[in-house]
There are 2 protein chains.
Amino acid sequence: MADLTLEDIARLAGVSRSTVSRVVNEHPNVSADVRKRVLEVIRTTGFHPNLAARTLASNRSWMLGLVLPRTVSGFFADPYFPRLTQGIAQACNDHNYTLALFLVTTKEDEERIFPRVSRKGFLDGVLVQSAAIGDQLIDRLAETSIPMVVAGRPFHAENISYIDVDNVAASRNAMDHLIRLGYRRIAHIGGSPNSPVTLDRKEGYMQALREAGRAVDPALIVDSDFSEGSGYQAMRQLLTMGVDAVFTASDILAIGGMRAVREAGLRVPQDVAFVGFDDLPLTSPIGLGLTTVRQPVYPFGYKAIETLIDVINNGILPPRRVIMDTELIIRESCGAPQER
Amino acid sequence: MADLTLEDIARLAGVSRSTVSRVVNEHPNVSADVRKRVLEVIRTTGFHPNLAARTLASNRSWMLGLVLPRTVSGFFADPYFPRLTQGIAQACNDHNYTLALFLVTTKEDEERIFPRVSRKGFLDGVLVQSAAIGDQLIDRLAETSIPMVVAGRPFHAENISYIDVDNVAASRNAMDHLIRLGYRRIAHIGGSPNSPVTLDRKEGYMQALREAGRAVDPALIVDSDFSEGSGYQAMRQLLTMGVDAVFTASDILAIGGMRAVREAGLRVPQDVAFVGFDDLPLTSPIGLGLTTVRQPVYPFGYKAIETLIDVINNGILPPRRVIMDTELIIRESCGAPQER
DNA sequence: GTGAAAGCGCTAACAA
DNA sequence: TTGTTAGCGCTTTCAC
């Protein structure tokens, strides 16, 4: 019960401290009966090794950091992050790591995390959410040479490991669908300005239009902050432009947009069709299924941690690049052209 | 840049290791000029102390754990937890603690966290989300005598510190409002069964009815799992009972309930009035303000951590009891009786 | 296969 | 005010 040490266990089992350490760490060179005896003592005493001592001696803490930079205010606004965090946490559990969470809100916070987000700060590695352009955090962390993986493409990707989905291709694919359905004025509600994910999805939107021989009308592109309210506002603006379809950078934006459409006395998809992005289990207030790009949020978080563990075990170089698949899920909100 | 130690700094500054340690830890007994000299070396070298070594020597890790038990699946379904986590994380930042996150999903997870959720596992203390009855986690953690605070009243509260809002009084107050407005058949959509918060809000619901001389009709009480969809389902069931008002255990349940009302071709509040609980910045699909009990979710998380720090610094006993205030926010969804 | 012993980098009591 | 020193509990060579 009390604060037992390896030494105590060794005495109780009639062996040396080293032997107990070997048993605890599952080293091969321990005879079967000694191992059994030691394990029995460990079991009955409820002994657990002191992690600080272990970390100090072995230079491995079995602790990973998750950093959400300042510019990712969305942690609260968007259900994406809770879901992502679940995948991350489960991967940590399954691989025997502890997860430390760093929510960076202020400039002060950012400075304060540096002593902690490092090898000497307990962490074996760190997973950082991709941030807006101009956010120096990732570059600064890269300089510390702590094993790091970025969730989402970072702006400066040279020598930085990251995991992402192919946002450009996925968005192009979603747009192709709308174009095939015959919509003529397709708008785009983007995410928060200057973030790679927003840029990539917008790029896919534009590529699809161009490849279809359409002009890109800048007035039909409105950015947001990934919140429902900002999707609503963006749609109100777009409604004055006479659009017949909208591709949004996230489901929550589509939900806000659809709310604006309904408030204007119009119907989805007959008057305005929608395609979203994420396919999180949100409930559409319209009571109709949202056509959307499904990205594997939970597996994404899980895989991100596994990639980080790979970096920790096998070295930072070469930088890892993991791209996960998406899938267009067709439901009602995109409509059918003949009904219009 | 490299891995400097106290010893290195001491050599560079021409002092002893202890002196550097004192400077780093802001001990008073260092002369001004020595302190200045040492700080200068620390600054130019970018030295940060090794936290594992510090923890081992001082038996203090400056790390806190946040545990979400298995029965709190709501981490994903309800925006309450992300918001709570923000308050918790900010308090940790402000008090120089690192936050370790333990999402317990499986029985296996639960076993795996025990070596880690302890003093020897790096943690100075732990904040645990209150769980459903029958969940042994809190009791088991209490036995380890690690400083602990429970967020939300735990079932067995003897000698356990917790922070909560007065759910009974707040619910009674919300119900009094509906009763005053003249509603006759007021239903209740509860949270997940067997959790203290669900029981307390239900108790408030029942107390208000009894004090008003009304009978409690068990058929008008339906539990849920705190998700929008379950609120919707509960309301579908209640609609067959001819209710004219509903008090829900959370806003997200009210939103699901209102969706069911609208789908049935009825109006809020004219046909069915709603009062929710939380006052998180959700957007109601109805496009009308939700009358609700505002609880200070972010400050709640913040205060929970400060309470935990108090327990760490000043001892586990006596158990702390912090009750935070709520406020009934009256908007449109509760209606006015004369309009009915 | 097992034990002895030298650290890991820091804190903190004790001396000076 | 400053330095010396003895650990904190573990891992990890190196002998045997």
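Each chain gets a letter, A, B and so on, in the order its sequence line appears, and its residues count up from 1.
Taking five base pairs at each end of the helix from dG1(C)-dC16(D) to dA16(C)-dT1(D), the local helix axes there meet at an angle of 30°, rounded to 10°.
Put simply, chain A comes within 4.0 Å of DNA chain C, heavy atom to any atom, from dG1(C) to dG9(C), going 5' to 3'.
One can place CG of N50(B) at 18 Å from P of dC8(D), the figure rounded to the nearest angstrom. Distance L51(A) CG to dC8(D) P: 18 Å, rounded to the nearest Å.
Evaluation of the side-chain hydrogen bond (donor to acceptor under 3.5 Å, both in side chains) rule for E108(A) yields no partner, not counting sequence neighbours. By the side-chain hydrogen bond (donor to acceptor under 3.5 Å, both in side chains) test, R321(B) is found to be paired with no residue, residues two or more places apart in sequence or in another chain being considered. Annotation: side-chain hydrogen bond (donor to acceptor under 3.5 Å, both in side chains) contacts of S58(A) (sequence neighbours excluded): none.
To the nearest 0.5 angstrom, L6(A) atom CG is 9.5 Å from S16(A) atom OG. The CG atom of L101(B) sits 6.0 Å away from atom CG of L68(B), with the distance rounded to the nearest 0.5 Å. Here the CG atom belonging to L123(B) is positioned 13.0 Å from the CE atom belonging to M148(B), to the nearest 0.5 angstrom. The OH atom of Y302(A) sits 14.0 Å away from the CG atom of L84(A) when rounded to the nearest 0.5 Å. Atom OG in S31(A) sits 11.0 Å away from atom CZ in R22(A) (nearest 0.5 Å).
The stretch residues 55-65 of chain B touches DNA chain D through L56(B), A57(B), each having a heavy atom within less than 4.0 Å of the strand. A heavy-atom distance below 4.0 Å to DNA chain D is reached by these residues of residues 9-20 of chain A, ordered by number: R17(A), S18(A). Annotation: proximity of residues 23-36 of chain B to DNA chain C (heavy atom, distance under 4.0 Å) is found for N25(B), numbered in ascending order.
Between the side chains of T106(B) and D109(B), at least one donor N or O sits under 3.5 Å from an acceptor N or O.
For E26(B), the CD atom sits in a loose shell: 12 or fewer heavy atoms of surrounding residues, nucleotides or ligands are nearer than 6.0 Å.
Salt-bridge formation is not detected for the pair R70(A)/D135(A): no Lys NZ or Arg NE/NH1/NH2 atom is positioned less than 4.0 Å from an Asp or Glu carboxylate oxygen. Taking 4.0 Å as the cut-off between side-chain N and carboxylate O, E40(B) and R37(B) do not count as a salt-bridged pair.
Sequence neighbours left out, the pairs with a member in residues 84-104 of chain A that pass ring pair (Phe, Tyr, Trp, His ring centres under 6.0 Å) are W62(A)-Y97(A). Counting only residues at least two apart or on different chains, the ring pair (Phe, Tyr, Trp, His ring centres under 6.0 Å) pairs with a member in residues 116-144 of chain A are F122(A)-F122(B). For residues 8-40 of chain A, no residue pair satisfies the ring pair (Phe, Tyr, Trp, His ring centres under 6.0 Å) rule, not counting sequence neighbours.
Both cation-pi conditions hold for R140(A) and F114(A): the charged atom is under 6.0 angstrom from the six-membered ring centre and inside a 45 degree cone around its axis.
For the side chain to side chain donor-acceptor pair (under 3.5 Å) with R112(A), the qualifying choice from N96(B), T98(B), D94(B) is D94(B), the only one to do so.
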Protein N or O to nucleotides 14-16 of chain D N or O, pairs below 3.5 Å:
none

